[in-house]
Amino acid sequence: MHVIALGMNHRTADIALREKIAGNSDVILATNAEIMHSARVSGVITLATCNRTELYVETKSRDAVLNWFAQRLGLANKDLKQYTYMHTDLDAIRHLMRLASGLDSMVLGEVEILGQLKAAYKLALQQGNVTTTLSRLFECGFSVAKKVRTQTEIGVNPVSVAYLAVRLAERIFTRISEQVVLLIGAGDTAQLMLKHLAGAGVKHFIIANRTRAHAEALVKSCGPDVTVEFIELNLVPEVLARADIVVTATNAPLPIVGKGMVENAIKARKYRAMFMIDLAVPRNIEPQVQQIADVYLYGIDDLQNIAAEHKQTRYTAVPQAEIIIDQEVHKFVAWLDTQQAVTTLQAFRRRCEYRRDQSLDEALQQLNSGKDPREVLQKFGHVLLNRLLHEPTIQLRKASVAGNNELLNIMRELFET
């Protein structure tokens, strides 16, 4: 069996390709069920964020998983490597631990990814798709992340995608506190955006969401001087012209804000600048909106340049974090080796028990037919011994002919001969 981490992220594939496999929890559950059936895997955990989609799989067939992934993306197998990455066994273990610790994110040391990994793990557990090995791997990943964040400087002054989006908005508006913000969505990303925008001094929010209760839950942490207006999603076209800043972060499979809608809004605003940032995958705003004058549209991939500016302040903590991760990788591999030994011993015991039961049934039949018990027992011992030693004897003879002294030495050690 192999542990595989297969995926794509903001460095390997553009957002148009990442959209093909992104989705909400219902889509992820369907994806897990599909790969369990189609790719003959023992277990799977799917991580889907705005920056990446990854599959953590335990399987005997790496090719089956690759074939499934290529088919899902609509790519030929030969083109898959251009846009994806695959880590196997030791490399997969290290990749998960680095990711959980914030070392493989767009924003070095970001904290959101750990929560996203925990959510992916919980979802797979509920579906019954987590093997013992995958469970141990993710639990170790969470533990390593805690060590890295408490024992190094990687988590000092945490930076998130939402934080970077606010910094970008401040480059467009010199007085961001005076702007009206339309926030479309009420999930975790929207909550972070609300927190950072309110922290930057924004006083007036319009929140559009399908469920009012979810939207109302967002504003509990806001100060008393913040005013929030709640609207249904279908009312977005009516309020769009009032918004100076528009942030979208929903799981909608199709764009919510179209080019025509924005053209009408910017005309009603008498062409005052509008800043729009789409943090969703699939995208919530039609890409053609960026063609409109006086509209500044940014997507999740546009934040990479700003992220690079913040990376250097944490870069010195990376070597120390890598040391911690290496130590934990070796511990996990040692555990994995013991599990393989246990599996081998269990299989060996089952085979011996089968031979024993087979010989015992034959002996009982002979006793029931009236044969001499002494003769039956002697034959039982002789037959059982031959059956237990038959296959090991064949393999030892083959090893002797092939000059495989390593196997012969192992057998001498096992049986102290």
Side-chain angles (χ1 to χ4, degrees), residues 8-10 13-28 30-31 48-53 72-74 83 106 161-162 164-165 168-169 172 180-194 197 205-212 214-215 218 229-269 271 273-304:
M8 59 173 59
N9 60 22
H10 57 282
D14 61 24
I15 193 169
L17 186 58
R18 300 204 309 271
E19 284 176 331
K20 290 186 177 182
I21 201 168
N24 56 27
S25 58
D26 290 337
V27 173
I28 292 172
T31 299
T49 75
C50 54
N51 291 329
R52 70 180 69 236
T53 297
R72 183 66 182 270
L73 292 172
Y83 304 104
M106 178 190 291
V161 170
L164 296 178
L168 188 58
I172 306 297
V180 176
V181 174
L182 171 59
L183 188 59
I184 303 177
D188 292 341
T189 301
Q191 186 174 14
L192 283 169
M193 283 300 306
L194 182 65
L197 285 165
F205 292 89
I206 304 171
I207 299 180
N209 194 58
R210 290 186 181 88
T211 307
R212 182 183 177 93
H214 290 168
L218 288 183
E229 179 182 348
F230 302 102
I231 64 168
E232 298 288 337
L233 274 178
N234 60 353
L235 296 180
V236 166
E238 298 180 18
V239 303
L240 192 58
R242 293 166 50 196
D244 305 298
I245 299 172
V246 179
V247 181
T248 61
T250 80
N251 289 324
L254 297 172
I256 295 172
V257 179
K259 183 181 178 183
M261 188 190 304
V262 179
E263 286 175 334
N264 292 334
I266 203 71
K267 184 177 180 180
R269 289 172 59 83
Y271 303 98
M274 178 184 288
F275 172 71
M276 309 184 80
I277 185 156
D278 191 347
L279 298 178
V281 181
R283 286 169 285 191
N284 291 161
I285 302 175
E286 288 183 348
Q288 294 80 4
V289 168
Q290 63 187 348
Q291 301 169 3
I292 303 173
D294 302 308
V295 175
Y296 300 87
L297 172 61
Y298 293 87
I300 191 70
D301 290 351
D302 296 315
L303 297 177
Q304 291 188 68

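Residue Ile266 holds its CD1 atom at 9.0 Å from CE of Met276, rounded to the nearest 0.5 Å. In this structure, the separation between OH on Tyr298 and CD1 on Ile277 is 9.0 Å, given to the nearest 0.5 Å. Atom-to-atom distance recorded for Asp302:CG and Leu297:CG is 7.5 Å, nearest 0.5 angstrom. Interatomic distance, Leu233 CG to Ile207 CD1, rounded to the nearest 0.5 Å: 12.0 Å. The CG atom of Leu197 sits 5.0 Å away from the CZ atom of Phe205 when rounded to the nearest 0.5 Å.
Using modelled atom types, no side-chain atom of Asp278 and backbone atom of Arg283 make a donor-acceptor pair closer than 3.5 Å. Of the possible polar contacts, one joining the Arg18 side chain to the Ala13 backbone as a donor-acceptor pair under 3.5 Å is found. Put simply, the side chain of Arg242 never gets that close to the backbone of Leu182: no donor and acceptor are under 3.5 Å apart. Using a distance-only test at 3.5 Å, with no hydrogens or angles considered, a donor-acceptor pair links the side chain of Asp244 to the main chain of Val180.
Evaluated for a side chain to side chain contact (heavy atoms under 4.5 Å, CB included) with Asn284, the options Val246, Val257, Thr250 yield exactly one hit, Thr250. With Ile206 as reference, Ile231 is the one residue of Leu183, Val181, Ile231 to meet the side chain to side chain contact (heavy atoms under 4.5 Å, CB included) rule.
Across all non-hydrogen atoms, the minimal contact from Tyr83 to Met8 is O-CB, 3.4 Å. Nearest approach of Val236 to Ala208, heavy atoms of both residues: CG2-CB, 3.8 Å. When all heavy atoms of Arg210 and Ala252 are compared, the pair lying nearest together is NH2-CB, 4.1 Å. The shortest heavy-atom contact between Asn209 and Thr211 is ND2-O, 3.0 Å. Taking both residues in full, the closest heavy atoms of Ala268 and Ala241 are given as CB-CB, 3.8 Å, listed atom of the first, atom of the second, then distance. The minimum heavy-atom distance linking Cys50 with Val281 is given by the pair O-CG2, 3.2 Å.
Within the 4.5 Å cutoff, the side chain of Ile292 has no heavy atoms near those of the Met274 side chain. The side-chain heavy atoms of Leu279 and Leu303, taken from C-beta on, include a pair separated by under 4.5 Å. When side chains are defined from C-beta on, Gln191 does not count as touching Leu194, because their heavy atoms never get closer than 4.5 Å. By the 4.5 Å heavy-atom criterion applied to side chains, Val161 and Asn51 are counted as neighbours.
Shown here is Asn264, whose CG atom has more than 12 heavy atoms of other residues, nucleotides or ligands within 6.0 Å.
Scanning for side chain to side chain contact (heavy atoms under 4.5 Å, CB included) contacts around Lys20 gives Leu17, Leu73, with sequence neighbours left out. Residues satisfying the ring pair (Phe, Tyr, Trp, His ring centres under 6.0 Å) test with Tyr296, not counting sequence neighbours, are none.
Residue pairs satisfying the side chain to side chain donor-acceptor pair (under 3.5 Å) criterion with at least one member in residues 286-295, sequence neighbours excluded, are listed as follows: Lys259-Gln291.
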- Item | side chain to side chain contact (heavy atoms under 4.5 Å, CB included) between His10 and Ile300, intermediate numbers included | CA-CA 9 Å; His10 57 282; Ile300 191 70; over 6 Å; no
